[in-house]
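Take a look at the structure below.
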Amino acid sequence: MLKQSSIILACALAAFQATATQAQTYPSRDITFIVPWNAGGSNDVAARALDPILREHGIKIVIENVVGATGTIGMRRVASAAPDGYTIGMGTSSTLALIAQGKTPLTNAQFTHIARVSTDPLMLLVPSKAEQKSLDDFIKLMKANPDKVTIGTPGNYNLNHIFASMTARAAGVSYVNVPYTGGSKVVADLIGGHVISGVLKPSETLGQIQEGLLKPIGVFANERLEMFPDVPTFKDKGFDVFPYGPVVQMAYVVAPANLPADVRTKLITAFRAAIQDPRFKEFSKKNAFLVDDLTGDALTKEVDSVASALGTVAAQVFKDQKE
């Protein structure tokens, strides 16, 4: 019996030492960073901007674009990965909206929250060659063509979809929502004339705006954007796009649930340093998105709060829409 107890104790000690060694050496290899959206979209671009700065803090990421189902395919892969810190992902308000509405088996409890990367305003854009040069023109177009005007969005039942529906609400008519697997796909079809308009972030359309290919005509916010002072908000034109409460578009880093505390701390420390780095802040300014210092348990609380707001808003906006 004594010999058996000694063997058990030795095995337990070896397991403890192995765990301690792993914690001390983490990360000992590249970390897979799943971006559940197309390459070239705003979340993909932000992740790639963080990559070289993270490497300076001992974190080497390999970005994989795993698209589909408004981000849920990629995020399901994160949720089901081993909680060892070698698979992380980019959560967004789009996937969070599906979680809030029960349209995916994912839950927030399946993730360990690391750091918020960005918050983004959303805009309504049209091709620069379109006859509609202003928000007033676009609303007139919708009124004259009920059930015909197309609005492209990166996914279904997300914040972009909510604001597309709010645009139709402002016009008092129905419209056609055209969902895509990411913002870059919307941009391509918008320029190509396959959709009439799109609800997108400044960060994923800035290049095309500067090249004169796309034109922002309305901002879904209460204040105009510093980068686009001449583009009115919907509020400026007397349209309320927050009738059921404020909602925010954001992107944030997550790992699988039950991540060891020391691994979580290392990830938080590295991502916090990279996000707060002057180079990334300059990148965010040039791409018209905001960064803040929100990590760990505070981020978890914020995610739960945003999910609650999205659930409330979506229940009202989509209550008459069929699956």
Side-chain angles (χ1 to χ4, degrees), residues 21-67 71 74-75 77-79 81-96 111-120 182-184 201 203-204 206 249-300 302-303:
T21 300
Q22 180 183 20
Q24 289 173 358
T25 58
Y26 174 84
S28 60
R29 63 179 190 272
D30 292 351
I31 297 170
T32 298
F33 191 0
I34 294 176
V35 176
W37 302 98
N38 292 109
S42 59
N43 296 302
D44 176 72
V45 171
R48 295 180 192 280
L50 286 171
D51 180 18
I53 307 175
L54 286 168
R55 289 174 183 267
E56 296 174 7
H57 296 277
I59 300 291
K60 296 180 180 180
I61 60 174
V62 176
I63 297 169
E64 290 189 21
N65 299 94
V66 183
V67 305
M75 296 312 290
R77 182 171 156 188
V78 177
D84 55 10
Y86 288 102
T87 301
I88 59 177
M90 186 80 89
T92 67
S93 293
S94 291
T95 309
L96 189 58
F111 301 103
T112 299
H113 296 93
I114 305 301
R116 182 154 71 183
V117 175
S118 66
T119 57
D120 297 85
S184 60
K201 305 172 189 175
S203 55
E204 59 198 351
L206 187 59
Q249 177 75 21
M250 65 180 184
Y252 51 97
V253 182
V254 297
N258 302 314
L259 192 70
D262 52 345
V263 173
R264 186 191 194 196
T265 297
K266 287 189 177 183
L267 284 171
I268 288 175
T269 300
F271 272 96
R272 185 179 195 178
I275 293 166
Q276 298 304 313
D277 189 282
R279 290 167 291 180
F280 189 70
K281 286 189 173 183
E282 181 63 23
F283 174 82
S284 71
K285 185 176 180 180
K286 288 181 179 179
N287 287 275
F289 67 85
L290 306 175
V291 297
D292 53 27
D293 189 7
L294 191 67
T295 61
D297 292 342
L299 175 58
T300 301
E302 174 72 0
V303 168

(request) Please name all residues satisfying side-chain contact (heavy atoms from CB on, under 4.5 Å) with Ser42, sequence neighbours left out, ordered by chain then number. (result) Lys201, Ser203, Glu204
(message) Measuring only between side-chain heavy atoms, which start at C-beta, is Ile59 closer than 4.5 Å to Pro27?
(response) yes
(message) Using a 3.5 Å distance criterion without hydrogens, assess whether the side chain of Asp277 forms a donor-acceptor pair with backbone atoms of Ala273.
(response) no
(request) Any salt bridge (charged side-chain N to carboxylate O under 4.0 Å, His left out) involving residues 34-43? Give me the pairs, sequence neighbours left out, ordered by first then second residue. (result) none
(request) Carefully, step by step, assess Glu302 and Leu294 under the rule side chain to side chain contact (heavy atoms under 4.5 Å, CB included). (result) CA-CA 9 Å; Glu302 174 72 0; Leu294 191 67; 3.7 Å; yes
(message) Show, in sequence, the C-alpha distance, side-chain angles and deciding distance for Val291 and Lys281, and conclude whether the side chain to side chain contact (heavy atoms under 4.5 Å, CB included) test is met.
(response) CA-CA 7 Å; Val291 297; Lys281 286 189 173 183; 4.0 Å; yes
(request) Return the set of residues passing side-chain contact (heavy atoms from CB on, under 4.5 Å) with Ala47 (not counting sequence neighbours), or none when no residue passes. (result) Phe33, Val35, Ile63, Met90
(message) So, applying side-chain contact (heavy atoms from CB on, under 4.5 Å) with Met250, which one of Asp292, Leu96, Val117 is it?
(response) Leu96
(message) Consider side-chain contact (heavy atoms from CB on, under 4.5 Å). Of Asp84, Asp262, Leu267, which one does Tyr26 pass it with?
(response) Leu267
(message) Please give me the minimum heavy-atom distance between Phe280 and Ala46, naming the atom from each residue.
(response) CE1-O, 3.8 Å
(message) Please enumerate all residues that pass salt bridge (charged side-chain N to carboxylate O under 4.0 Å, His left out) together with Arg48, with sequence neighbours excluded.
(response) Asp44
(request) Start with the C-alpha distance between Val254 and Met75, add both sets of side-chain angles, then the distance that settles side chain to side chain contact (heavy atoms under 4.5 Å, CB included), and finish with yes or no. (result) CA-CA 9 Å; Val254 297; Met75 296 312 290; 3.4 Å; yes
(message) Which residues pass the side-chain contact (heavy atoms from CB on, under 4.5 Å) test with Asp293, not counting sequence neighbours?
(response) Arg272, Gln276, Thr295
(message) Checking side-chain polar atoms at under 3.5 Å, does Tyr252 have a donor or acceptor matched by the opposite partner on Thr119?
(response) no
(message) What's the separation between atom NZ in Lys60 and atom CG in Leu54, rounded to the nearest 0.5 Å?
(response) 12.5 Å
(request) List for me each residue that meets salt bridge (charged side-chain N to carboxylate O under 4.0 Å, His left out) alongside Glu64, sequence neighbours excluded, and say none if there are none. (result) Arg77
(message) Taking the side chain as everything from C-beta on, heavy atoms only, tell me whether Thr32 gets closer than 4.5 Å to Tyr86.
(response) no
(message) With a 4.5 Å cut-off on side-chain heavy atoms, are Ile88 and Phe271 touching?
(response) yes
(request) Spell out, as yes or no, whether a donor-acceptor pair under 3.5 Å connects the side chain of Thr265 to the backbone of Ala261. (result) yes
(request) Using modelled atom types only, decide if a donor and an acceptor are shared between the side chain of Arg264 and the backbone of His113 within a distance under 3.5 Å. (result) yes
(message) So Asp51 and Arg55, do their side chains get closer than 4.5 Å, heavy atoms only?
(response) yes
(message) Using the side chain to side chain donor-acceptor pair (under 3.5 Å) criterion, which residues pair with Ser93? Sequence neighbours excluded.
(response) none
(message) Do Leu259 and Ile114 have side chains that approach each other closer than 4.5 Å (heavy atoms only, starting at C-beta)?
(response) yes
(request) Can you sort out the partners of Asn38 under side-chain contact (heavy atoms from CB on, under 4.5 Å), two or more places apart, ordered by chain and number? (result) Val67, Thr181, Ser184, Lys185
(request) Kindly indicate, with the supporting measurements, whether the criterion side chain to side chain contact (heavy atoms under 4.5 Å, CB included) is fulfilled by Val66 and Trp37. (result) CA-CA 6 Å; Val66 183; Trp37 302 98; over 6 Å; no
(message) Once rounded to the nearest 0.5 Å, what's the spacing between atom CG of Leu299 and atom OG1 of Thr112?
(response) 11.0 Å
(message) Give me the atom names and distance for the closest heavy-atom approach of Pro36 to Gly74.
(response) CB-CA, 4.1 Å
(request) Return the set of residues passing salt bridge (charged side-chain N to carboxylate O under 4.0 Å, His left out) with Asp30 (not counting sequence neighbours), or none when no residue passes. (result) none
(message) For Pro256 versus Ala79, what's the shortest heavy-atom pair and its separation?
(response) CB-O, 4.2 Å
(request) Enter the distance from Phe289:CZ to Asn43:CG here, rounded to the nearest 0.5 Å. (result) 9.5 Å
(message) Asn258: which residues meet the side chain to side chain donor-acceptor pair (under 3.5 Å) condition with it, sequence neighbours left out?
(response) none
(request) Name all residues meeting the side chain to side chain donor-acceptor pair (under 3.5 Å) criterion together with Ser118; count only those two or more places apart in sequence or in a different chain, and write none if there are none. (result) Asp120
(request) Go through the structure and list residues passing side chain to side chain donor-acceptor pair (under 3.5 Å) with Ser284, not counting sequence neighbours. (result) none
(request) Taking the side chain as every heavy atom from C-beta outward, state whether Phe111 and Val78 have any pair of such atoms under 4.5 Å apart. (result) yes
